[in-house]
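Keep in mind that the numbers below use all heavy atoms, side chains included, and drop hydrogens, waters and symmetry copies.
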Amino acid sequence: MELPVGMKLLNSNQRLHRMARSKLTRAIREAGQEAVQDAGVPHMERAYIIGELRPVDRRRRDQGNWYPSESGRRRPGGRRRAG
């Protein structure tokens with residue numbers, strides 16, 4: 001399943017206000033949910049998700065910057081966010 005091309009993603013260099021971050025997180029989750037529904041994936045209690053970033057241009061990207069878009073609950077090294 002693919003998210004829409006050009007969709008804004010979270011990265012670790014952003015210093016967003018919590019409400020702006022919340023809006024981006026909601027948009028990513030809703031786009032993911034829509035992609036899953038369009039693909040006809042059955043309901044699951046748990047799922048393991050692997051993200052792959054495919055930029056439309058040839059500029060270099062720092063892989064570690066994109067972990068906030070992959071999961072809002074995990075941090076590098078498998079540590080969970082407090083709360």
Test side-chain hydrogen bond (donor to acceptor under 3.5 Å, both in side chains) applied to Arg59 - qualifying residues, sequence neighbours left out
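Per chain and number, Arg59 pairs via side-chain hydrogen bond (donor to acceptor under 3.5 Å, both in side chains) with Asp57.
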Inter- and intrachain pairs under salt bridge (Lys or Arg N to Asp or Glu O under 4.0 Å), touching residues 31-46, at least two apart
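Listed once each, the pairs would be none.
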If you count every heavy atom of other residues, nucleotides or ligands that lies below 6.0 Å from Met44 atom CE, does the total exceed 12?
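More than 12 heavy atoms, drawn from other residues, nucleotides or ligands, come within 6.0 Å of this atom.
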List the atom pairs, donor and acceptor, that lie under 3.5 Å between side-chain atoms in residues 1-13 and the rest of the protein, sequence neighbours left out.
from  : atom 1 : to    : atom 2 : distance (Å)
Asn11 : OD1    : Asn13 : N      : 2.8
Asn11 : OD1    : Gln14 : N      : 3.1
Ser12 : OG     : Asn65 : OD1    : 2.9

What side-chain donor-acceptor pairs closer than 3.5 Å can you find for residues 47-56, not counting sequence neighbours?
from  : atom 1 : to    : atom 2 : distance (Å)
Glu52 : OE2    : Arg54 : NE     : 2.9
Glu52 : OE2    : Arg54 : NH2    : 3.3

Under the salt bridge (Lys or Arg N to Asp or Glu O under 4.0 Å) test, which residues partner Arg18, sequence neighbours left out?
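For Arg18, no residue satisfies salt bridge (Lys or Arg N to Asp or Glu O under 4.0 Å) once neighbours in sequence are set aside.
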